[in-house]
Amino acid sequence: QVQLVESGGGLVQAGGSLRLSCAASGRTFNMYAMAWFRQAPGKEREFVAAISRSGGSTHYADSVKGRFTISRDSAKSTVYLQMNSLKPEDTAVYYCAARDGTYITSMTGRYDYWGQGTQVTVSS
């Protein structure tokens with residue numbers, strides 16, 4: 001198993017930036033493809049970004065493409081989400097997820113492990 005702990009959320013004005021971190025512990029970090037999802041009040045959890053085990057492949061939701069960047073640091077067993085040009089509609093609880101597989105996917109049900117989430121609030 002792997003345990004995931006997110007950090008870095010907070011309150012920011014529209015147009016600002018935040019960097020989320022997700023620290024993994026347990027089994028070997030490089031065994032997992034990683035992703036970020038988010039859930040706004042009253043809405044379903046939605047895919048944000050994913051990165052392959054090697055870090056060589058990434059995939060983004062259209063709504064964040066060009067503004068968000070996912071990356072991973074194997075030495076620190078940590079995945080990051082750099083969020084720039086934030087908009088009020090980016091307000092949500094952001095979750096880190098891991099899947100024991102070789103390919104990345106945007107499907108929520110394909111991820112095996114989840115963190116507890118971190119709140120991101122973007123004011124207008």
Side-chain angles (χ1 to χ4, degrees):
Q1 288 197 354
V2 63
Q3 292 77 44
L4 305 173
V5 179
E6 302 98 333
S7 61
L11 173 65
V12 64
Q13 288 188 333
S17 298
L18 281 175
R19 189 176 80 156
L20 305 183
S21 299
C22 172
S25 61
R27 292 181 65 189
T28 305
F29 180 66
N30 287 349
M31 293 181 61
Y32 298 95
M34 304 295 295
W36 289 94
F37 289 78
R38 66 186 182 186
Q39 188 166 18
K43 295 187 177 181
E44 293 187 353
R45 192 169 298 189
E46 65 174 5
F47 171 76
V48 175
I51 189 166
S52 63
R53 297 192 299 186
S54 68
S57 296
T58 57
H59 178 52
Y60 295 92
D62 288 343
S63 59
V64 307
K65 202 170 292 184
R67 300 188 297 123
F68 290 10
T69 302
I70 189 171
S71 61
R72 64 191 295 161
D73 184 336
S74 295
K76 296 182 178 180
S77 297
T78 300
V79 62
Y80 303 98
L81 185 68
Q82 177 66 43
M83 306 186 294
N84 299 329
S85 303
L86 282 161
K87 305 175 181 180
E89 50 264 44
D90 294 319
T91 295
V93 177
Y94 282 71
Y95 297 91
C96 175
R99 70 179 304 272
D100 189 358
T102 58
Y103 62 90
I104 55 178
T105 175
S106 61
M107 299 177 64
T108 307
R110 297 291 187 180
Y111 287 85
D112 305 301
Y113 304 102
W114 294 84
Q116 82 290 348
T118 185
Q119 177 70 47
V120 171
T121 303
V122 184
S123 63
S124 57

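All values reported here derive from a predicted model rather than from experimental measurement. Quick note: residue numbers are just sequence positions, from 1.
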Legend entry - Candidate list V93, V64, V120, test side chain to side chain contact (heavy atoms under 4.5 Å, CB included), partner R38, passing option: V64

Inset, instruction - May I ask you to check whether over 12 heavy atoms, not counting those of K43, lie within 6.0 Å of atom NZ? - result: no

Legend entry - Spacing of CG belonging to L20 relative to CD belonging to Q82, to within rounding of 0.5 Å: 9.0 Å

Inset, instruction - Check T105 against A50 and note the closest heavy-atom contact, atom names and distance. - result: O-CB, 4.2 Å

Inset, instruction - Look at the side-chain heavy atoms of Ile, Leu, Val, Met, Phe, Trp and Tyr, link any pair under 4.5 Å apart, and say whether V122 and Y94 land in one connected group. - result: yes

Inset, instruction - Check for a donor-acceptor pair, side chain of Y80 on one end and backbone N or O of T69 on the other, with a separation under 3.5 Å. - result: no

Legend entry - Separation of M83 CE from R19 CZ (nearest 0.5 Å): 11.5 Å

Inset, instruction - Could you tell me the separation between the CD atom of Q3 and the SG atom of C22, rounded to the nearest 0.5 Å? - result: 11.0 Å

Legend entry - Joint cluster assignment, Y111 & M31, ILVMFWY side-chain distance < 4.5 Å: no

Legend entry - Exam field: side chain E6 to backbone T118, donor-acceptor pair closer than 3.5 Å: no

Legend entry - Minimal non-hydrogen separation, V79 against C96, with atom names: CG1-SG, 3.8 Å

Legend entry - Common cluster, L81/L86, ILVMFWY with side-chain heavy-atom separation under 4.5 Å: yes

Inset, instruction - Kindly say whether R110 contributes a backbone atom to a donor-acceptor pair with the side chain of R99 at under 3.5 angstrom? - result: yes

Legend entry - Main-chain N/O of A23 paired with T78 side-chain donor or acceptor, under 3.5 Å: no

Legend entry - Short side-chain to backbone donor-acceptor contact, Y103 and A33, under 3.5 Å: no

Inset, instruction - Kindly give the heavy-atom pair with the smallest separation between V2 and A98, and that separation in Å. - result: CG1-CB, 4.2 Å

Legend entry - Residue pair A92 / A40: nearest heavy atoms and the distance that separates them: CB-N, 3.8 Å

Inset, instruction - Please round to the nearest 0.5 Å and tell me the distance separating atom OG of S85 and atom CZ of F68. - result: 9.0 Å

Inset, instruction - Could you check if a side-chain atom of Q119 sits within less than 4.5 angstrom of a side-chain atom of T91, using non-hydrogen atoms only? - result: yes

Legend entry - Cationic N near anionic O, under 4.0 Å, D62 to K65: yes

Inset, instruction - Identify the heavy atoms of S21 and W36 that sit nearest to each other, and give their distance. - result: O-CH2, 3.7 Å

Inset, instruction - Find the distance between OG (S124) and CD (Q13) and round it off to the nearest 0.5 Å. - result: 9.5 Å

Legend entry - Minimum-distance pair of heavy atoms, taken over all atoms of R72 and F29: NH2-O, 3.1 Å

Inset, instruction - Flag yes if V48 and Y113 sit in one hydrophobic cluster, no otherwise; membership is Ile, Leu, Val, Met, Phe, Trp, Tyr, and two members link when side-chain heavy atoms are under 4.5 Å apart. - result: yes

Legend entry - same_hphob_cluster(F37, I51) at 4.5 Å side-chain heavy-atom cutoff: no

Inset, instruction - Tell me, yes or no, whether the heavy-atom count around R67 atom CZ, taken from other residues, nucleotides or ligands under 6.0 Å, exceeds 12. - result: yes

Inset, instruction - First locate atom OG1 of T108, then atom OH of Y95, and finally report the distance between them rounded to the nearest 0.5 Å. - result: 11.5 Å

